[in-house]
Amino acid sequence: MQSFVFYTPTEIVFGKGEEEKTGQLVRKHGGNKVFIVYGGGSVIKSGLMKKITDRLEAENTQYIMFGGVQPNPLLSHAREGVKSAVEFGADFILAVGGGSVIDTAKAIAHGTKNPDIDIWKFWKREIELTQSLPVGVVLTISAAGSETSNSAVLTNAETGEKRGLGTDFNRPRFAVMNPELTYSVPKFQVACGIADIMMHTIDRYFAQQTGENEFTDAVAESLLRNVIKNGPVVLREPANYDAVSEVMWCGSVTHNGMTGLGRPMDFSVHQLGHELSGRFDVPHGASLSTMWGSWAQYVRNINPTRFAKYAKNIWDVCENDTETAANAGIAKTVEFFKSIGMPTCFTELGIGVQSDKVIDEMADSCVFHGKRLVGNFKPLDKNDVVNIYKLANR
Ligand code: NZQ
Ligand code: ZN
């Protein structure tokens, strides 16, 4: 097992009606002037925002609201948020929504605390982030895991780049997680969430092997089996509290670091998917299910034994032959994605078959124009990325 630091400081408040505690939680974590970030309006329509502002008022907390965050959230919108939050004098950023809202809130927190620096410089690693404002979360969709993660992902529409920033300043102070708040999530978004939750663990499970890592593997395998079991239940019965709770909790644990401790992170499929979202504005979870089968097919010979273990422990594949088992595990994963309505190639994703030129441009951007290799299970150069995109280009 590799040495690691496990830092997950977020106070998780999980259960029915727990959003009623938002006012107290904001106070507890130092908020007096609260900048509330939300998305396209689902939280206004559901009445959740009113409940939260009532709780803030009960605590005599000042607040203003900033809506309009869109899925694949934009850098330009986050910059507008920074401007408003600075004018307001915000000392706390509260996200009410999903990954896109939370990531925008994180960006606004960084920008407000560093008003003289353009936030994109943090994402481009041109300036190191050394301070930020506290962020709290009321989660409304189980998917990105941003409510406990150290990451925030923004899209720069001018350059077509979708980039993540990993820093402990991205860890929210608290996350309110009431499974009931997710009952109204549209079915397709639920499925995207299931794919994303699975991929946060799979992208860690298939990483450079640094020796045995039994406990971490067991946690990862248990989480995947749980989501594969309960995800389809949630799709059939969106108000099944127990199944929804399982998926919601897995959605956080899968991305707080726990399922990959003791080995490096790979995250190749995320990087491949981000190019698709940056260019075609496709939903994140759908970009991942589109790429995983092609990535797996391309890299399986690096460590077929690992793929066979995955097949046996996740999908109950009982083939003795390693190659056959590895292939069966890949096929079962792809079948599962299809069964929940997720795409597994470019045409299913709705972007059509792409030209060699587009694939070349996406691959070039994915490897940061030759400045990096992607992942570590098999470190991918541009040629590898081109080949993987070509496998999905049907
Ligand atoms: O905007 P509203 O009106 O709220 O509607 C949203 C949006 O249209 C809707 N929705 C959310 N909760 C709802 C609801 N509709 C009805 N009832 C509810 N309770 O769902 C749609 C999708 O929302 P979004 O926030 O985009 O979804 P998700 O949580 O999947 O977030 C995706 C974003 O997170 C990034 C992705 O790349 C993508 O940009 N990620 C962030 C990560 C992180 N920070 O750790 C890690 C992930 O790998 C991911 O990259
Ligand atoms: Zn993800």
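In this text the structure is predicted, and so the values were computed from the model without any measurement. Order of listing sets the numbers, starting from 1, for every ligand and every atom in it.
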>> Under 2.8 Å from the Zn ion (ligand 2) - does any N, O or S atom of H255 fall there?
In response: no
>> Which atom name does D196 have for its N/O/S atom nearest to the Zn ion (ligand 2)?
In response: OD1
> Looking at atom 9 (C) of ligand 1, would you say a protein heavy atom lies below 4.0 Å from it?
Replying inline: no
> Do the ring planes of W295 and F307 sit parallel (below 30°), tilted (30 to 60°) or perpendicular (above 60°)?
Replying inline: tilted
>> Is the ring pair F267/H200 parallel, tilted or perpendicular, if the boundaries are 30 and 60 degrees?
In response: parallel
>> For W315 and Y310, take the angle between the two ring planes, folded into 0 to 90°, and tell me which bin it lands in: parallel under 30, tilted 30 to 60, perpendicular over 60.
In response: perpendicular
>> Which residue is it: N226, T254, I202? I am looking for the one with a side-chain contact (heavy atoms from CB on, under 4.5 Å) to I197.
In response: T254
>> Under 4.0 Å from a heavy atom of N72: which atoms of ligand 1 are those, numbered in the order shown and with their elements?
In response: 39 (O)
>> Can you check atom 47 (C) of ligand 1: any protein non-hydrogen atom closer than 4.0 Å?
In response: yes
>> Between D118 and K121, does any NZ, NE, NH1 or NH2 come within less than 4.0 Å of an OD or OE carboxylate oxygen?
In response: no
> Any idea how H284 and H270 line up, ring-wise: parallel (<30°), tilted (30 to 60°), or perpendicular (>60°)?
Replying inline: tilted
>> Restricting to N, O or S, what is the name of the atom of H284 that lies nearest the Zn ion (ligand 2)?
In response: NE2
> Taking only heavy atoms of S149, which atoms of ligand 1 are found under 4.0 Å from at least one of them?
Replying inline: 43 (C), 44 (N), 45 (O)
> Between K106 and ligand 1, does any nitrogen or oxygen pair lie at a separation below 3.5 Å?
Replying inline: no
> If you count the atoms of ligand 1 from 1 in the order shown, which ones are under 4.0 Å from a heavy atom of H270?
Replying inline: 48 (O)
> salt bridge (charged side-chain N to carboxylate O under 4.0 Å, His left out) with K51: which of E57, E19, E180, E18?
Replying inline: E19
>> When you compare ligand 1 with G41, is there at least one nitrogen or oxygen pair between them that comes in under 3.5 angstrom?
In response: yes
>> Need the ligand 1 atom indices (1-based, order shown) with element for anything under 4.0 Å from a heavy-atom of T140.
In response: 11 (C), 12 (N), 13 (C), 18 (C), 19 (N)
> Near L181, which atoms of ligand 1 are under 4.0 Å from a heavy atom of that residue?
Replying inline: 19 (N)
> Does any N or O atom in G39 lie less than 3.5 angstrom from one in ligand 1, N or O only?
Replying inline: no
